[in-house]
Each structure stands twice: as C-alpha cells, then as structure tokens.
Student: 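Pasting a structure below so you can have a look.
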Amino acid sequence: MQGFQLYEHASTVPIASYNTEEWQKGYRSLKQEYDYWVDEIEGEIPPELEGTLYRNGPGLLDVNGERIQHPFDGDGMICAIAFKDGRAHFRNRFVRTEGYVAEQQAGKILHRGVFGTQKPGGWLANIFDTKIKNIANTQILYWGSKLLALWEAAEPHRLDPRSLETLGLEFFDGAIQPGGSFAAHPWIDPSSQFDNGAPCLVNFSIKAGLSFTINIYELDVEGKVVRHHDHPVPGFAFIHDFAITPNYCIFFQNPVKFNPLPFLMGTRSAGECIQFQPDQPTKVILIPRDIASCPKPIVLETHSGFVFHHANAYEQGDEIIIDSVCYENLPSVEPGADYRETQFEALAPGQLWRFRMNLETKDVQRQLLESRCCEFPFVHPAKAGRKHRYAYLGAAHTAEGNAPLQAILKVDVESDQRQLWSAAPNGYVGEPVFVPRGANSSGLYTELQGDEDDGWLFTMVYDSKHDRTDVVILDAKDLEKGAIARLHLKHHVPYGLHGSFTPHYFES
Ligand code: CO
C-alpha cells in the first residue's frame, strides 16, 4: 500500500478493509437486460413495503471490448426493484439514447466522453459547438406521472415506469429547448410558499460560455414548469449539485479553471482540462427563488475545496446552513489514466462539513461534522430545505483515510451520535436511499409521519465474494442490528450513481 506517509500517525492506520482487485470487479459492464422475481432473500422484506426503487448508473464500461475511459462516461442503465406483499421484482434496461443505439449498432465507440473516452463530442462542447452524447446515466426520478432519466449536460429521457422502455426526450412543453439541459439533482420542496404550500420540484441547468448561466426550473406536481429564471455568473463552473431552502437555491462554484486548448487540439477530453485552484476560494451563489421581486444573486466566499454533493440546507435567522461532502482538492483526470487503478490512500477523502453563511455580515464559517470518508448524502424528503437531524451516507469501513465506500453511516447532527452498518471486507456499497414508512395521499414523502428516522435505507451492495449485487434493506432507526433483508440478484450490477423511491408499484 502507498500513501501511508500522508497520515499523521502512521502506526494507527488500520489494515485495509478492502482488496483492490475485488473492488475492481464491480466495474464490469452488465450487457444483459433481466426481468425476474428475486427468489434468494436473506431475512424478510417488510410486508408493508410497497413501491418501486429506481437506480441509475453506468451500465457499460466498454463498447464491444473497447474500454470506456471513465465510469462517468458509461451509458445509463436503469434498475427497477418493485416491492409488494413481501416480494420483489427486478428489472434492468439501458436508456435507448441516440448515442447508445448508434454505438451498439456500430459495435464501437463513436463519441468522445467528457471524462476521457476518445471521440469527438463532450459536454463542455456546447462552447465549441460540437455534438454531445447524452448518456442519461446519473439520476432517475418519478415526478408528474413521468419517469425521467437525468444527465446534467443534456435533456432528460422519459421512460415507461413499468417496462423501462425509452419513450423519448422530455422538453416539459417547451420549457427546455432541444440541445438544452436539466441537471441530475432535483430537489422536491415539500411545501413551496410560491404554490400555496404544495410540493414542487426544483432543478437547474448550466449553460456554459465565456461566463456561465444558471437556469432555475420549478415544476408543479403535474410536472409543468411554473417558474423559470436565468442568472449569468462570471467565471467557469463545474457544478453537479445544489441545495434549496424555502427562499434560495444554493450553488457552490468550486475553484477550478478550464483550459480549453488541449480539448480543442483533441489531445485531452473536456474533463481532463479542468484544474483545481487550491489558492482560490469557493464561491457560494445564493439565488432567490422569489421571481416576483427579481432580487439579484448573493455571492459569498469560503475556504477552497471541492463539492460534488450537498446533504441539505436550511434557513435559521440571518443564517443559511448547508451540510456538504467536501474534498480538500479535486485530482486532475490524467489522459490515459485507468480509474480502476485509483490509489485511494493518496487522495483526499470526502468529508461532511457544515457551512454557516450569515446573510447580514456575509461571513461564512465552516465546521467538520464527520471526518470519515463519505459520499452520497441523503436526508428525509420532508426535511428538504428544512432543519434536519439525520443524514445518511455511503462511507468507508475505517474511520480514517480514503477508501472505497463499504458502509452506510447515519449521522445525528443534534446528538453527534453515529450508527454504522458495514459490508466489508467483500461488500462495496452505493448511495443509501432513505424511504419513510408512510407516503402521503398524493404518493409523496413530503410530510413527516413519525420520527425523522422512521423508515428504511436501501442500497445496492456489490458482493465481490459471490460476484453478484445485493439489494440491502436496513432499518434507519437501528443500522447496527444488521440488514432486515438482503436480496441476492442473479448477477452483478456495476457501481451506480443515484436513485429514488416511489410508493407506486410498477412491476409489469
Ligand atoms: Co450526483
């Protein structure tokens, strides 16, 4: 192992909880599309559990043996696990994007990917007016009776919620133009003050250029865009996620610069031209949601760092508080580098930080909430934009250092207590999706029906020993009692990105 010199007390570093070759096996394509009842189950699926868990992620890590350079470039594949009466049905389907269909027909890679896969195209290519491949691989969400597969640099794809058949691109009645985009991290405001307290979906898109523009979209429960506003911001942006409060959309403009020359010359992909600027601050951009009064964005500055994901934000007096997974820096993507050879120990771990932003004094204070390596934060949906007590995260098995995610961590930000469920040494986890015990009459989880941790956590765990993936259900109140149910799939599912749950049962 390398990189132990990075630790202050090398002697306290535990023996690795994982094996690199075993971890790598989770990064193989799953080319086959399945459709079956899960019949191998350890434990018991809660009989009252009803609904469908959707998950998106790269399903292909190669095209006909030609390697995709980075998993972020892999074609989106949806898994749907439908639960009812203690049973579970599994289905997976690739999103039939234009690029996926063309490459499968050609039997080779036709597009250059944002993160290193070679061929013309790419996301920042909007600037250079070259064609992009919409890979639809990041998030999947059921909203307004539509199942939408999202990728931040292009239009959503609409799918059939039962068969997962691709129905086409979604433009929300013209709110998004062809060639436009819709980010992969929408929030559901459980009680929008602009909609008489009804829930609404809030999302954004980034339009790149010499400066960039943040577009905000708010959709009502029918899926109609009811508010849309644009805000030009100077500089370059690499913004994957955001957070909301009742009054603001919050963006972290990470300190990165983009040198387009190697990209234009064709020697580097767009992602390989992004360089972290450790001497520059992170800018926090607060965009007011009240478009009636048209207020301008507020820009604050904080410590340099890189954020992919925010857990949640809320307002308290003059302050806005946001909990985010923050890295000390963003390693450059080097041309030809193999992501499977990641030296975890040499990289800064993601850690959970709390930022307190005072809107009066413009002061930003930050505080480390959790030093354990973690990612993919999730809170109760009724707490979106409101003060939360619990955050759930994918985490490393050991408390120190950087490592693959092998555990699910529950952080109680009030009592500072922790619960951990670990799948080490053979298991590698994904995002924990928290599902409250009861949905409301409109099929949403926007009201707190019991305790904030009254519900289940779902995660997909690659079991390297059996070379298959398990869908694991945990009791969110008590992670340490172990899995309630462990559903053994008949195959592996490559490591994925984000998912969501709907109380609608979509089996066939
Ligand atoms: Co994400």
Side-chain angles (χ1 to χ4, degrees), residues 27 53-59 70-79 95 113-115 123-124 134-143 148-154 156-157 181-188 201-206 214 217 237-244 249-254 256 270-271 274 282 305-313 322-327 330-331 333 339 349-353 373-379 381 384 391-395 404-405 408-409 428-434 457-460 493-501:
Y27 276 126
L53 175 71
Y54 291 110
R55 206 210 56 175
N56 200 349
H70 195 284
F72 290 174
D73 287 343
D75 289 300
M77 185 193 74
I78 311 301
C79 294
V95 184
V114 174
F115 289 92
W123 140 63
L124 290 157
N134 183 342
I135 50 176
N137 74 357
T138 311
Q139 174 63 292
I140 175 94
L141 172 90
Y142 187 73
W143 181 259
L148 301 169
L150 304 178
W151 182 60
E152 66 200 45
H157 280 80
S181 61
F182 198 65
H185 276 285
W187 282 93
I188 296 169
L201 182 136
V202 189
N203 199 12
F204 71 99
S205 73
I206 300 285
I214 300 176
Y217 301 93
F238 181 8
I239 297 175
H240 172 69
D241 190 11
F242 78 134
I244 61 164
C249 294
I250 304 156
F251 296 86
F252 275 34
Q253 187 182 7
N254 296 303
V256 289
I274 291 172
T282 292
F306 195 92
V307 171
F308 281 108
H309 294 124
H310 301 287
N312 196 28
I322 183 165
D323 292 350
S324 311
V325 175
C326 193
Y327 297 79
L330 175 77
V333 182
Y339 63 88
Q351 296 170 316
L352 188 65
W353 288 82
C373 166
C374 57
E375 247 304 348
F376 295 130
F378 212 103
V379 299
Y392 309 97
L393 302 111
L405 304 179
I408 302 299
L409 176 68
Y428 299 90
V429 310
E431 176 190 61
V433 174
F434 174 77
L457 289 165
F458 292 80
T459 189
M460 290 180 79
V493 176
Y495 299 125
L497 294 167
H498 300 290
S500 61
F501 189 91

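Order of appearance sets the numbers: ligands from 1, and atoms from 1 within every ligand.
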Student: Examine the side chains of His309 and Glu375 and answer whether a donor and an acceptor come within less than 3.5 Å of each other.
Tutor: yes
Student: Keeping Trp187 on the side-chain end and Phe242 on the backbone end, is there a donor-acceptor pair under 3.5 Å?
Tutor: yes
Student: Protein N, O or S atoms less than 2.8 Å from the Co ion (ligand 1), ignoring waters?
Tutor: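 Under 2.8 Å from the Co ion (ligand 1) - ignoring waters, which are not counted - the protein N, O or S atoms are His185 NE2, His240 NE2, His309 NE2, His498 NE2.
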Student: Taking the six-membered ring for Trp, are the ring centroids of Phe501 and Phe458 within less than 6.0 Å of each other?
Tutor: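 Yes; Phe458 has its ring centre under 6.0 Å from that of Phe501.
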Student: Taking the side chain from Asn56 and the backbone from Ala136, do they hold a donor-acceptor pair closer than 3.5 Å?
Tutor: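 Yes, the answer is positive, given that a donor and an acceptor are paired below the 3.5 Å cut-off.
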Student: Among Asp241, Ile239, Val307, which one satisfies side chain to side chain contact (heavy atoms under 4.5 Å, CB included) with Phe251?
Tutor: Ile239
Student: Can you confirm whether or not the ring centre of Phe378 sits under 6.0 Å from the ring centre of Phe376?
Tutor: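 No - the distance between ring centres of Phe378 and Phe376 does not fall below the 6.0 Å cut-off.
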